[in-house]
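Notes to accompany the following structure.
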2 protein chains.
Amino acid sequence: MPRSKGKKSSAPVTIHDVAERAGVAISSISRVLSGHPDVSERMRIKVQKAADELGYEPDFFAQSLRSGATKTIGFIIRDISNPFFGVIAQCCEQELRKAGYSMLLMNSDGDVATESINIAQLRRRKIDGLIASLVSEDIPELNSTLEKLNAPVVLLDREVVGLNSSAILANHHQGVEDATLDLISRGHNRIAFISGSTRVYTTRDRLKGFKSAFKKAGVAYPTDLVSLGKFDAEFGESETKRLFTLKDRPTALLSGGIGSTAGAMRGLKKLGLVPGKDLAFVAIDEWPMFDVYGQQFSSVYRDAAMIGREAAAALLEMISGGSPRTIMVETHYIVRDSSSGGLKAKKK
Amino acid sequence: MPRSKGKKSSAPVTIHDVAERAGVAISSISRVLSGHPDVSERMRIKVQKAADELGYEPDFFAQSLRSGATKTIGFIIRDISNPFFGVIAQCCEQELRKAGYSMLLMNSDGDVATESINIAQLRRRKIDGLIASLVSEDIPELNSTLEKLNAPVVLLDREVVGLNSSAILANHHQGVEDATLDLISRGHNRIAFISGSTRVYTTRDRLKGFKSAFKKAGVAYPTDLVSLGKFDAEFGESETKRLFTLKDRPTALLSGGIGSTAGAMRGLKKLGLVPGKDLAFVAIDEWPMFDVYGQQFSSVYRDAAMIGREAAAALLEMISGGSPRTIMVETHYIVRDSSSGGLKAKKK
DNA sequence: GCATAAAATAGAAACGTTTCCAGAAACGAC
DNA sequence: GTCGTTTCTGGAAACGTTTCTATTTTATGC
């Protein structure tokens, strides 16, 4: 018995009670409260009064069962404790709330199976729409799973071919290329790059920018310093340790995403290397308050709040019949202290 | 029409379809699938087979409407982009998911009215339980609003008198007292303290620790350096600026909570003051990765992941009939670089 | 084999809405 | 007045389950 008994909490007031009090049919109550046009002024007042007096609130589940609309949006991300996702979720929830929708939050824990279970759960809950940052883009059953949802979908930084969904994509390659070119122009050519799996757009687009910078600069692309695997901190840390203990070790590092950056920073610390001094360091995506920490980190910045708002807007648009669309969000290379360093030996 | 038509998506399979296929009554389907004891093995197999073949999934809303249980938990916090809350939400959601519950996330934006609207919304959605970090403890209608929910409640770091709910409280005063005593022993007596409103337990308990440290040390308590108002960064920044431009300005600062800390750091930066050098600085609550930033910040630490898990556990316990309980989480003063500084003039 | 109890099943009544349909009232035009 | 339209209202049928009650079947003890 999940709902506590409540000492003397009178049974909840239903549409029948209102009908009885107003002395009209229940269908009239429903019509008045849902703003149906064919209702006389006299009826409207009578019903409104009775409803107010009784403090009537329509039962959500009965409404959803009958009408099919749940006013509920699913939100799936790897990990809500990642502050970048946190900002997206916050802004998104605010926008959805304004429009009368509530948000069902689920962490996928970066796991394909968990993600799939979550989507199934959301389908049973008949969500009106889904906003998701998927673990991977090329899971075989993914498209059919999402289509079975029978609800509009907005993907965050993912490109799933053949799926009729909206997407909020970031223009990663631009920011990463700018950052890489800056590092090259400072004299670096051994630049390390750590990011997640190439099975998602995010990584592929970052890599594109990284590669094109070397091409544009006419410098050899350091294949051995590129490490792509997972977005989490564990991977970032172990790969940082590995790369920075190589014989011909890198002089600069780009870390892709909050998780990678966290891992990289921890790894560097354990190796006793200081960003901005012993190496040049650029983080892709910012931590909150990145600009005020004692040490100033360079970054490739994108506006998480805007991503959240745009995702909500795109979804609401689709719910009310609009077509899917793709929104491109700009990224910007922000130069701070940590872009220096790593070349002392060579400068001499 | 919120649910898209779906080109040829066959109508969803209902319990009637399964009953027809298996050649039994619909009540038998329900009994088998909900694990009712009075079911023959033959029936169980027959029904299971039919259900599997049709890919039957019970309609969530019909179930909830009839049974009253929604398997949904409300989660209300000020702001999910605060990484401290993010960790709590993440761990909490994981635990709830394991138990078959989903989480409805709502930001209160630190606003009493928004919070109240959110609670009303959750009531209409007949949540099975609520986990909340409330904006304030002494809103007049708060108790009745929460009681009308008719579901168990777990409060995060809040003490609401007369409410029959569980609570996860942190032992703030211990950590704050330790930190303050350390600063006093280093020679500080002009220590500033910024935190949120005293209308919540969090602030009151921190203040208690702050005050008792001065008493224990026999040092005059600097009333003019205590600033209590809001938890957000704006307040933290403006108060930091105000306090550190006083004539007899403080030599140390404790900032209460992630928001205050963010604001304080920004304020100090604008004033050109460096923590650990121009002043001693202790943050109450940690940022993720606090320990690896170039600059090492001292903190009063508490385990957010544990808070999230405990909250989920306490709620699930109450849902299955257990009594409310209060869990006390320890805090620890962690000394890092930023506890130094601020006393150069005096040292000479 | 027969009464009796226990186990298994079917049927129907909820749960609280929305929405369809039919009919009543009101209205103007003739 | 009668007729055809509108405008409004009431009744009832959904929506897809769970659960209560009644009935049938099976098992048990003698």
Side-chain angles (χ1 to χ4, degrees), chain A residues 1-3 10-48 50-51 54-72 123-126 128 150, chain B residues 1-3 5 10-48 50-51 54-72 100 123-126 128 150:
Chain A
M1 48 217 72
R3 304 197 56 73
S10 48
V13 27
T14 76
I15 199 169
H16 288 95
D17 303 326
V18 184
E20 195 178 357
R21 174 145 194 150
V24 300
I26 61 165
S27 49
S28 295
I29 309 293
S30 175
R31 264 188 301 260
V32 170
L33 266 34
S34 63
H36 192 96
D38 289 354
V39 165
S40 72
E41 197 50 30
R42 208 171 126 261
M43 174 70 83
R44 191 181 310 283
I45 291 168
K46 196 159 54 174
V47 167
Q48 201 56 258
L54 293 172
Y56 170 66
E57 284 181 333
D59 182 287
F60 197 80
F61 286 81
Q63 282 185 320
S64 297
L65 174 60
R66 184 58 237 235
S67 69
T70 61
K71 291 284 179 181
T72 307
R123 181 181 49 197
R124 280 200 52 210
R125 286 179 181 258
K126 299 221 188 319
D128 287 344
N150 218 8
Chain B
M1 47 218 69
R3 302 195 58 70
K5 306 162 208 170
S10 50
V13 27
T14 75
I15 199 170
H16 289 94
D17 303 327
V18 184
E20 196 179 356
R21 175 145 194 148
V24 300
I26 60 166
S27 49
S28 296
I29 309 295
S30 175
R31 264 188 305 260
V32 169
L33 265 36
S34 62
H36 192 98
D38 289 353
V39 165
S40 72
E41 197 50 29
R42 208 171 126 258
M43 173 70 85
R44 192 182 310 282
I45 291 167
K46 195 159 55 174
V47 167
Q48 201 57 257
L54 292 171
Y56 170 66
E57 284 181 333
D59 182 286
F60 196 81
F61 285 82
Q63 283 185 319
S64 297
L65 174 60
R66 183 58 237 234
S67 70
T70 61
K71 289 284 179 181
T72 306
R123 180 182 50 198
R124 280 198 53 210
R125 287 178 181 258
K126 300 223 188 316
D128 287 345
N150 219 9

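Every heavy atom of this structure was used, including side-chain atoms; hydrogens, water molecules and symmetry mates were not. Just so it is clear: chains get the letters A, B, ... in the order the sequence lines come, proteins before strands, and each one is counted from 1.
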Between the base of D:dG11 and the side chain of A:S27, is one N or O donor paired with an acceptor at under 3.5 angstrom? yes
Out of D:dG16, D:dT18, D:dG10, minimum distance to the side chain of B:S67 belongs to D:dT18
Report which part of the nucleic acid B:D59 touches: base, sugar-phosphate, or nothing (heavy-atom distance under 4.0 Å, all strands). sugar-phosphate
Under 4.0 Å from OP1 or OP2 of D:dG10: is there any side-chain N or O of A:S28 that close? yes
What is the separation between atom CZ on B:F61 and atom C1' on C:dG16, rounded to the nearest whole Å? 14 Å
Distance, rounded to the nearest Å, where B:D38 contributes CG and C:dA6 contributes C1': 9 Å
Nearest-Å distance for atom pair NE2/C1', residues B:H36 and C:dA8: 9 Å
Tell me what A:S30 touches on the nucleic acid: a base, only sugar-phosphate, or nothing, going by heavy atoms under 4.0 Å. base
Return the CZ to CG distance between A:R124 and B:D59, rounded to the nearest 0.5 Å. 8.0 Å
Any base atoms under 4.0 Å from A:E41, or only sugar-phosphate, or nothing? Heavy atoms, all strands. nothing
Report yes if a donor N or O on one partner sits less than 3.5 Å from an acceptor N or O on the other, where the partners are the side chain of A:R66 and the base of C:dT17; otherwise report no. no
Between C1' of D:dG16 and CD of B:E20, the distance in whole Å: 15 Å
Do you know which two heavy atoms are closest between A:S28 and A:M43, and how far apart they sit? OG-CE, 3.5 Å
Tell me the interatomic distance from B:L65, atom CG, to D:dA14, atom P, rounded to whole angstroms. 17 Å
Report yes or no: is there a donor-acceptor pair, N or O only, under 3.5 Å between the side chain of A:R31 and the base of D:dG10? yes
Do A:R125 and A:T70 touch side chain to side chain, with heavy atoms closer than 4.5 Å? no
From the list D:dC8, D:dT17, C:dA10, which nucleotide is the closest neighbour of the side chain of B:I15? D:dT17
Does B:S40 make a side-chain N or O approach to OP1 or OP2 of C:dA7 shorter than 4.0 Å? no
Using a heavy-atom cut-off of 4.0 Å across all strands, would you classify B:Y56 as base, sugar-phosphate, or nothing? sugar-phosphate
Closest of D:dT17, D:dT9, C:dT17 to the B:P58 side chain is D:dT17
Do other residues, nucleotides or ligands put more than 12 heavy atoms under 6.0 Å from the CD atom of B:E57? yes
Round to the nearest Å and state the distance from A:I29 atom CD1 to D:dG11 atom P. 12 Å
So which atom in B:V18 and which in B:V47 form the shortest heavy-atom distance, rounded to 0.1 Å? CG1-O, 4.3 Å
Figure out the CD1/C1' separation between B:I26 and D:dT19, and round it to whole Å. 11 Å
Could you state the NE2-P distance from B:H16 to D:dA14, rounded to the nearest angstrom? 11 Å
